[in-house]
**Student:** 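Following this message is one structure expressed as structure tokens.
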Amino acid sequence: MNIGLDMMGGDFAPLEAVKGVKQYLLEHDFDGLSLVLFGDEVQLNALLAEQGVPQDKYQVVPTTEIIEMNEHPTRALKEKQNSSISVGFKYLATGKIDAFISAGNTGAMLVGAMFSIKTVEGVLRPTISSVIPKQDGGTGLLVDVGLNADCKPEQLNQFAVMGSVFSQYIYGVKQPKVGLINVGEEEGKGNILAQATYPLLKENKAIHFIGNVEGRDVFSDKADVMVCEGFTGNVILKLAESVYDIAQNQQIDNPYLNRFNFEIYGGTPVLGVEKPVIIGHGISHGTAFSNMIDVAVRMLNTNVLGKVKEAIGRM
């Protein structure tokens, strides 16, 4: 299993990326894992030696360019062929690595995921999801959270299937309850998109659809997978992230509120493409990088993207 990491992406790279590599290797004894690290060879070798990362667990692939956070994604990928993100996707596309992780330019990661590797046959549009901590201790999944600001009902129907498969195989939810984010519980509520999506989800035999869920249900156990277009999903995600920030600012140490720390979940996987691509938050520290590696390992071990492909094929 070869997992690639963009070591130059993120506000605190490459030091925090190196700390994440060290943390993962200290916490997991996995003989079959090799980490392929893309970035400035001189900086990385010095930091890896300083942090005491075992040399037999990684290889450094030298790159000379960095796609900055404010750069245009498509243009940057085209013009910076020797950037850590561009080279990482070349390795992923040619099978030299099995998964790719970055906390760098989100747009470049999304463009690379959709154009460097194949979209799963039948998928209308890939999507991204985010973990939502539930009050009962469970793990909810919100999909889409920003990749697709405008959607069609058929796309939301597929998001529900992909999210349900991911919830089942990565978070161990046997029969994920799927809910449609809406402004009311009753069928027929909502805008045109929600009204048109509801009957598709209701008739979809590949999921366990439980109906509409409102904003007050997001943190409850009513639904395991919550479906919406990326505009609404991103608003909910940013609101959820602010809960942790407020708790920290108020010095509130609460077991449930502490679960809103994005770092413990790693990053956001792109669902609907054929190989694991994990996108991290730009402010990721070592714990987030370690958990992104863990997400990639679990995705490969469970072949969750293969399960997504099978589920989409049966629709």
Side-chain angles (χ1 to χ4, degrees), residues 110 122-171 173-244 246 256-257 259-260 262 265 268-272 308 311-312 314-315:
L110 292 171
V123 168
L124 300 171
R125 201 180 281 182
T127 185
I128 54 176
S129 63
S130 183
V131 170
I132 297 294
K134 296 292 191 174
Q135 292 184 64
D136 67 347
T139 301
L141 199 70
L142 180 66
V143 56
D144 185 291
V145 292
L147 180 53
N148 304 287
D150 295 298
C151 292
K152 297 178 180 178
E154 294 79 10
Q155 292 161 349
L156 292 188
N157 194 30
Q158 288 193 344
F159 295 171
V161 173
M162 292 189 282
S164 187
V165 171
F166 194 83
S167 176
Q168 181 180 355
Y169 286 95
I170 299 301
Y171 297 118
V173 183
K174 291 185 178 180
Q175 191 179 32
K177 296 172 291 186
V178 178
L180 175 65
I181 296 287
N182 210 328
V183 296
E185 295 182 349
E186 302 83 5
E187 184 174 353
K189 286 279 190 175
N191 58 17
I192 294 173
L193 175 61
Q195 292 177 27
T197 302
Y198 191 104
L200 295 182
L201 297 176
K202 187 177 181 180
E203 296 168 8
N204 190 340
K205 303 301 182 184
I207 61 173
H208 176 41
F209 181 54
I210 52 93
N212 290 325
V213 292
E214 300 179 82
R216 62 186 175 187
D217 302 316
V218 170
F219 303 124
S220 76
D221 64 350
K222 185 171 182 179
D224 301 300
V225 178
M226 295 159 286
V227 181
C228 58
E229 90 295 337
F231 185 93
T232 299
N234 194 262
V235 171
I236 295 174
L237 172 62
K238 297 296 172 59
L239 177 63
E241 287 180 347
S242 73
V243 171
Y244 180 73
I246 293 170
Y256 175 61
L257 297 182
R259 293 181 61 217
F260 281 80
F262 75 90
Y265 305 108
T268 298
V270 182
L271 301 178
V308 166
I312 292 295
R314 290 194 296 267
M315 291 183 70

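Bear in mind that the values here come from a model prediction, so they are computed numbers and not experimental data.
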**Student:** Crowded around Y256 OH? As in, over 12 foreign heavy atoms under 6.0 Å?
**Tutor:**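 Enclosed.
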**Student:** For residues A194 and L180, report the shortest heavy-atom separation together with the two atoms involved.
**Tutor:**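 Where A194 meets L180 most closely, the heavy atoms are O-CD2, 3.6 Å.
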**Student:** Kindly indicate, with the supporting measurements, whether the criterion side chain to side chain contact (heavy atoms under 4.5 Å, CB included) is fulfilled by V161 and M315.
**Tutor:** CA-CA 9 Å; V161 173; M315 291 183 70; 3.7 Å; yes
**Student:** Are any side-chain N or O atoms of Y171 and backbone N or O atoms of G138, one a donor and one an acceptor, separated by less than 3.5 Å?
**Tutor:** no
**Student:** Look at the side chain of N148 and the backbone N and O of D150, then say whether any donor-acceptor pair between them is shorter than 3.5 Å.
**Tutor:** no
**Student:** Between K152 and E229, does any NZ, NE, NH1 or NH2 come within less than 4.0 Å of an OD or OE carboxylate oxygen?
**Tutor:** no
**Student:** Shortest non-hydrogen contact from N212 to G184?
**Tutor:**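 The pair with the smallest heavy-atom distance is CB-O, 3.1 Å.
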**Student:** Are I210 and V178 side-chain neighbours, meaning at least one heavy-atom pair lies under 4.5 Å?
**Tutor:** no
**Student:** As an exercise, state the distance from OG1 of T268 to CG of L147, rounded to the nearest 0.5 Å.
**Tutor:**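 One gets 10.5 Å once the value is rounded to the nearest 0.5 Å.
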**Student:** Given side chains that start at C-beta, do those of F166 and P176 come closer than 4.5 Å, heavy atoms only?
**Tutor:** no
**Student:** Quick one: closest heavy-atom pair of G190 and N182, and the distance?
**Tutor:**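 Closest heavy-atom pair between G190 and N182: CA-OD1, 3.1 Å.
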**Student:** Within this structure, what is the NE2-NZ distance for the pair H208 and K177, rounded to the nearest 0.5 Å?
**Tutor:**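 Taking NE2 in H208 and NZ in K177, the distance rounds to 7.0 Å.
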**Student:** Under 6.0 Å from the NZ atom of K134, do we count more than 12 heavy atoms belonging to anything else shown?
**Tutor:** yes
**Student:** Are the aromatic rings of F260 and F219 close, with centres under 6.0 Å apart?
**Tutor:** yes
**Student:** Please name the residue in the list V235, I236, N234 that meets the side-chain contact (heavy atoms from CB on, under 4.5 Å) test with K238.
**Tutor:** N234
**Student:** Hey, mind stepping through S129 and F159 against side chain to side chain contact (heavy atoms under 4.5 Å, CB included) and telling me if it holds?
**Tutor:** CA-CA 9 Å; S129 63; F159 295 171; over 6 Å; no
**Student:** Between I312 and M162, what is the shortest heavy-atom contact and its length?
**Tutor:**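 Of all heavy-atom pairs spanning I312 and M162, the closest is CD1-CG, 4.1 Å.
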**Student:** Does any non-hydrogen side-chain atom of I128 lie less than 4.5 Å from one of L110?
**Tutor:**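 Yes; the side chains approach each other to less than 4.5 Å.
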**Student:** Under the criterion side chain to side chain contact (heavy atoms under 4.5 Å, CB included), I'd like the reasoning laid out for N204 against L200: C-alpha separation, chi angles, the key distance, then a yes or no.
**Tutor:** CA-CA 6 Å; N204 190 340; L200 295 182; over 6 Å; no
**Student:** Of all the heavy-atom pairs spanning V225 and G163, show the shortest one and how long it is.
**Tutor:**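 Nearest pair, atom of V225 first, then G163: CG2-O, 3.7 Å.
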**Student:** Looking at every non-hydrogen atom in both residues, tell me the closest pair between V123 and Q158 and how far apart they are.
**Tutor:**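 Heavy atoms of V123 and Q158 come nearest at CA-OE1, 3.4 Å.
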**Student:** Is any side-chain heavy atom of C228 less than 4.5 Å from a side-chain heavy atom of L142?
**Tutor:** yes
**Student:** Would you say the ring centroid of F209 lies under 6.0 angstrom from that of Y198?
**Tutor:**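 That pair passes the under 6.0 Å test.
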**Student:** In plain terms, say whether R216 and E214 are close enough for a salt bridge, that is, a side-chain N and a carboxylate O under 4.0 Å apart.
**Tutor:**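 Salt bridge present between R216 and E214.
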**Student:** Does the salt bridge (charged side-chain N to carboxylate O under 4.0 Å, His left out) test come out yes or no for E185 and K222, once each step is laid out?
**Tutor:** CA-CA 12 Å; E185 295 182 349; K222 185 171 182 179; 3.3 Å; yes
**Student:** Are any side-chain N or O atoms of Q155 and backbone N or O atoms of L124, one a donor and one an acceptor, separated by less than 3.5 Å?
**Tutor:** no
**Student:** For residues D224 and S167, is any side-chain donor paired with an opposing acceptor at under 3.5 Å?
**Tutor:**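 On atom types as modelled, these side chains do not qualify, holding no pair under 3.5 Å.
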**Student:** At what distance, to the nearest 0.5 angstrom, does CG of L271 lie from OG1 of T127?
**Tutor:** 6.5 Å
**Student:** Does the side chain of M226 come within less than 4.5 Å of I132's, by heavy atoms?
**Tutor:**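 Side-chain contact under 4.5 Å: yes.
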**Student:** Within this structure, what is the CG-CD distance for the pair N191 and Q195, rounded to the nearest 0.5 Å?
**Tutor:** 7.5 Å
**Student:** Does any non-hydrogen side-chain atom of I181 lie less than 4.5 Å from one of V227?
**Tutor:** no
